[in-house]
Amino acid sequence: MTNNGDSPARVRFAPSPTGHLHLGGLRTALFDWLWARKTNGQFVLRIEDTDRKRFDPESLESLKNGLRWLGLEWDEGPEIGGPFGPYVQSQRQEIYREHAQELIDRGHAYRCYCTPERLASMREEQRRAGKSTGYDRHCRFLSDEEKRQRESEGAKSVIRLAVPLEGVTVFNDLLRGDIEVENRQLQDDVLLKADGLPTYHLAAMVDDKLMEITHVLRGEEWLATAPIHKLIVDAIGWEMPVLVHLPVILDPSGKGKMSKRKKLVAGKEFLALVHEFQDSGYLPDAMFNFLTNVGWNFDPEQEVFSREEAIERFSLEEINPSAAALPYEKLDWLNGLYIRELTPSALKSALLPFLSRQLGVSETDLISDRKLDVLIPVIQERIKRLDEAAGWIDWAYQDSDAISYPGPKLLIGRKLDAAQSVDMLRSGAQLLTEVEPFSAKAIHVAFREKAEELGVKAGSFFGPVRGAISGKKVSPPLFESIEALGRQETLQRIKHAVAYLEAHGATESG
RNA sequence: GCCCCCAUCGUCUAGAGGACUAGGACUCAGGCCUUUCAAGCCUGCAACAGGGGUUCGAAUCCCCUUGGGGGUACCA
């Protein structure tokens with residue numbers, strides 16, 4: 001029964017388009033994809049749009065974008081088709097209806113005429129009586145006479161599964177083994193709704209069979225309904241696919257299932273939706289690496305690995321059945337690692353949309369901007385997310401007179417007073433008017449020599465200049481920054497800083 | 001309430017009866033390096049939920065308790 005990885009598996013990711021894809025869903029898809037690739041099988045994308053009330057047309061794009069972003073191309077499904085289509089459940093209504101009818105014919109299902117109102121009041125009564133809620137099977141034992149009566153009245157009906165009144169249902173979960181549930185704990189769940197559309201229970205079982213799915217990977221929230229699925233499959237006379245219930249992903253707080261809402265934990269905002277991670281500048285490769293190691297472990301001694309390595313080693317049996325919270329800090333660390341491994345030009349193109357948006361400069365202007373070529377290599381090891389780059393270099397995109405100093409202190413070197421700092425700035429300016437070529441390297445050498453000549457520490461000398469050109473106390477390495485800015489602009493800023501210090505610095509000292 | 005699942009450092013995890021003085025990673029702390037900030041390197045803090053069994057021997061197997069999670073819809 002267990003597929004150990006040699007025979008090609010057919011797995012499916014079957015999201016319902018009711019909202020944006022979140023990381024839990026993406027992780028399920030990732031494991032699906034990994035298993036399909038590992039076994040040289042197929043990864044099928046199926047859209048479970050049987051809930052007309054919650055349907056959100058935009059979410060379909062979000063879903064597909066998320067999968068593609070991570071590099072999880074599907075072998076069959078929407079847009080590309082395949083031999084088992086259609087892959088959208090709303091286009092398969094007739095198939096479900098036939099199977100529901102077959103179930104009725106065989107005595108495993110029945111029509112229920114109960115109104116939503118009756119069901120609601122029934123539940124209300126059950127609750128009041130302190131009993132557990134559940135359908136009371138009112139219509140299951142209707143006489144033929146009564147049924148004819150309802151039909152002639154034109155009463156709306158649903159089709160419910162006739163769960164055996166006694167006995168136990170046993171199903172197998174690959175990670176947890178056999179699980180037994182007493183049938184009296186089960187409900188006569190609805191299979192076909194009044195609008196003619198199936199519920200998940202029916203639709204998923206029918207499609208998994210018809211699409212020849214061998215392994216079902218799904219969230220643990222489905223574990224409780226697995227007996228129902230086993231009953232349905234048994235009733236039709238089919239075999240169950242291998243079931244693998246993936247552990248739920250918890251909120252960063254470790255409390256409760258991760259929701260699609262942003263959560264504030266310890267004052268920090270945590271992301272949950274795939275597009276949010278995309279917009280924050282997480283790299284697909286980093287996310288792939290990260291997600292693969294939640295619920296499964298590549299190698300306890302090796303945190304970083306490629307997709308190919310992951311495919312090679314992945315196995316279903318090794319999946320950890322216990323729920324896990326996402327280690328966000330580890331994601332940031334990994335993302336920084338992947339950013340550092342990029343070539344400067346690859347990083348530049350990855351950065352373009354972020355910089356353009358945050359700096360207000362068009363992408364085409366940025367592509368030809370020489371400043372970026374100098375600055376990107378030096379901020380590469382300083383950012384963990386792509387959206388952090390702008391904060392490191394925004395000063396280079398402001399006009400010199402737009403640079404505002406928060407106070408004289410920024411321009412005063414360590415262990416120096418304002419007057420001495422002015423001297424430092426002037427020395428620097430003098431150096432910069434003469435240095436040739438105007439490159440980080442040459443500037444560095446000149447500044448070093450000057451610091452020695454003046455008998456001051458490098459930090460005392462460089463600090464005021466850094467403040468002068470960037471308006472910040474923390475900035476990218478000084479000499480690359482100066483090179484990026486260019487001689488004229490740098491001198492301009494130093495001049496401004498000197499003027500500022502002379503006007504405001506009299507009373508201050510370092 | 002009832003049913004089901006789960007349980008190793010703060011977090012992600014390794015561990016499938018003796019190789020465990022419980023390993024790795026992130027975070028955090030300290031140090032080195034250093035023009036700020038990073039990156040890098042080194043060191044350190046930190047866990048088998050509790051109680052009973054089984055066994056010569058238990059983080060590993062069984063039971064109970066506790067804790068956490070999921071389900072309890074004409075949602076998926």
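Per chain, numbering begins at 1; letters A, B, ... match sequence-line order.
- Heavy atoms of A:Arg176 sit under 4.0 angstrom from primed sugar atoms or phosphate atoms, though from no base atom.
- A:Tyr338 and A:Tyr282 have their aromatic ring centers separated by at least 6.0 angstrom.
- When distances run from any side-chain atom of A:Tyr200 to the nucleotides B:C37, B:U36, B:A76, the shortest one goes to B:A76.
- Residues A:Lys472 and A:Asp394 are paired through a salt bridge, judged by an N-O separation under 4.0 Å between the basic side chain and the carboxylate.
- A salt bridge between A:Arg128 and A:Glu124 is present, with a side-chain N of the basic residue lying under 4.0 Å from a carboxylate O of the acidic one.
- Using a 4.0 Å cut-off between charged nitrogen and carboxylate oxygen, A:Asp387 and A:Arg385 count as a salt-bridge pair.
- Contacts of A:Cys114 with the nucleic acid, taken as non-hydrogen atoms under 4.0 Å apart, include base atoms.
- Under 4.0 angstrom from either OP1 or OP2 of B:A38 there lies no side-chain N or O belonging to A:Lys384.
- Counting atom types as modelled, A:Arg54 pairs a side-chain N or O with a base atom of B:C75 as donor and acceptor under 3.5 Å.
- More than 12 heavy atoms of other shown residues, nucleotides or ligands fall within 6.0 angstrom of atom NZ in A:Lys371.
- Contact annotation: A:Ser322 side-chain N/O to B:G68 OP1/OP2 distance is not under 4.0 Å.
- In this entry B:C33 has no Watson-Crick or G-U wobble partner, no candidate having both defining distances under 3.5 Å.
- Counting non-hydrogen atoms under 4.0 angstrom, A:Phe461 reaches nothing in the nucleic acid.
- In a base pair of the Watson-Crick type (N1 to N3 plus N6-O4 or O6-N4) or a G-U wobble (N1-O2 and O6-N3), with each distance short of 3.5 Å, B:U54 is matched with no nucleotide.
- When both pairing distances are held under 3.5 Å, B:U21 makes no Watson-Crick or G-U pair with any nucleotide shown.
- Nearer to the 5' terminus of RNA chain B, by closest-nucleotide assignment, is the contact made by A:Gly295 (compared with the other of A:Gly295 and A:Val190).
- Following rounding to the nearest Å, A:Leu416 (CG) and B:U36 (P) show an atom-to-atom distance of 15 Å.
- At a threshold of 4.0 angstrom between heavy atoms, the contacts of A:Thr50 are confined to the sugar-phosphate backbone, with no base atom among them.
- Rounded to a whole angstrom, the distance from the C1' atom of B:C33 to that of B:A38 is 12 Å.
- Of the side-chain N and O atoms in A:Asn320, none sit less than 4.0 angstrom from OP1 or OP2 of B:U8.
- Taking atom C1' on both B:C75 and B:G68, the two are 25 Å apart, rounded to the nearest angstrom.
- Nucleotides B:C45 and B:G51 have their C1' atoms positioned 29 Å apart, rounded to a whole Å.
- Put simply, CD on A:Glu381 is 12 Å from C1' on B:U34, counting in whole angstrom units.
- Counting to the nearest Å, the P atom of B:A73 and the CG atom of A:Asp195 are 18 Å from each other.
- Checking B:C6, B:G1, B:U36 against the side-chain heavy atoms of A:Ser132 singles out B:G1 as nearest.
- For the pair A:Gln185 CD and B:C3 P, the computed distance is 6 Å after rounding to whole Å.
- In terms of phosphate contacts, A:Thr199 brings no side-chain nitrogen or oxygen within less than 4.0 Å of OP1 or OP2 of B:A73.
- Taking the side chain of A:Glu301 as heavy atoms from C-beta on, and the options B:G70, B:G23, B:C37, the nearest nucleotide is B:G23.
- Which of B:G70, B:U13, B:C74 sits closest to the side chain of A:Ala324 comes down to B:U13.
- For A:Ala325, the side-chain atoms get nearest to B:C12 when compared with the rest of B:C12, B:C75, B:C2.
- In this structure, A:Ile383 and A:Leu175 both approach RNA chain B, and ranking their closest nucleotides by distance from the 5' end singles out A:Leu175.
- Residue A:Trp333 has its side chain nearest to B:C26 when only B:U72, B:A38, B:C26 are considered.
- Between A:Arg137 and A:Asp188 there is a salt bridge, since at least one side-chain N of the basic residue sits less than 4.0 Å from a carboxylate O of the acidic one.
- Side-chain N or O atoms of A:Thr50 include none that pairs as donor or acceptor with a backbone N or O of A:Thr199 at under 3.5 Å.
- Across B:A76, B:G24, B:C74, the shortest atom-to-atom separation from the side chain of A:Thr225 is found for B:A76.
- Here B:C5 is the nucleotide among B:C5, B:A76, B:C74 with the atom lying nearest to any side-chain atom of A:Glu220.
- Taking the charged nitrogens against the carboxylate oxygens, A:Arg12 and A:Glu48 have no contact shorter than 4.0 Å, which rules out a salt bridge.
- In this structure, of B:C5, B:U11, B:G71, it is B:G71 that holds the atom nearest to the side chain of A:Glu221.
- Atom P of B:G69 sits at a distance of 13 Å from the matching atom of B:C12, rounded to the whole Å.
- The nucleotide B:C2 finds its pairing partner in B:G71, both defining distances of the Watson-Crick or G-U wobble pair being shorter than 3.5 Å.
- For the P atom pair drawn from B:C3 and B:A29, the interatomic distance equals 47 Å after rounding to whole Å.
- If you measure from atom CG of A:Asp299 to atom C1' of B:C12, you get 14 Å, rounded to the nearest angstrom.
- Residue A:Lys53 places at least one side-chain N or O closer than 4.0 Å to OP1 or OP2 of B:C75.
- To the nearest angstrom, C1' of B:A76 lies 10 Å from CD of A:Gln89.
- Contact annotation for A:Pro300: base contact, defined as any heavy-atom pair under 4.0 Å involving a base atom.
- Summarising the geometry of A:Asn183 relative to A:Glu166, their closest heavy-atom pair is OD1-O, 2.8 Å, with the distance given to 0.1 Å.
- For the P atoms, the distance from B:C74 to B:U11 is 38 Å, rounded to whole Å.
- Within 4.0 Å of A:Val294, counting heavy atoms only, lie sugar-phosphate atoms of the nucleic acid but no base atom.
- For A:Arg123, the listed nucleotide lying nearest its side chain is B:C74; candidates were B:C74, B:G69, B:A76.
- At a threshold of 4.0 angstrom between heavy atoms, the contacts of A:Pro477 include nucleobase atoms, whether or not backbone atoms are also involved.
- One can place CG of A:Leu334 at 13 Å from C1' of B:U27, the figure rounded to the nearest angstrom.
- Side-chain rings of A:Tyr200 and A:His229 approach one another, their centers coming within less than 6.0 Å.
- Rounded to the nearest Å, the gap between the P atom of B:C6 and that of B:G10 is 23 Å.
- Nucleotides B:A7 and B:U13 have their P atoms positioned 11 Å apart, rounded to a whole Å.
- For the OP1/OP2 pair of B:G40 and a distance below 4.0 Å, the side-chain nitrogens and oxygens of A:Arg340 include at least one atom meeting the criterion.
- The distance between atom CG of A:Asn172 and atom C1' of B:C5, rounded to the nearest whole Å, is 14 Å.
- Residue-level contact check: A:Leu478 touches the bases, meaning some heavy atom is under 4.0 Å from a base atom.
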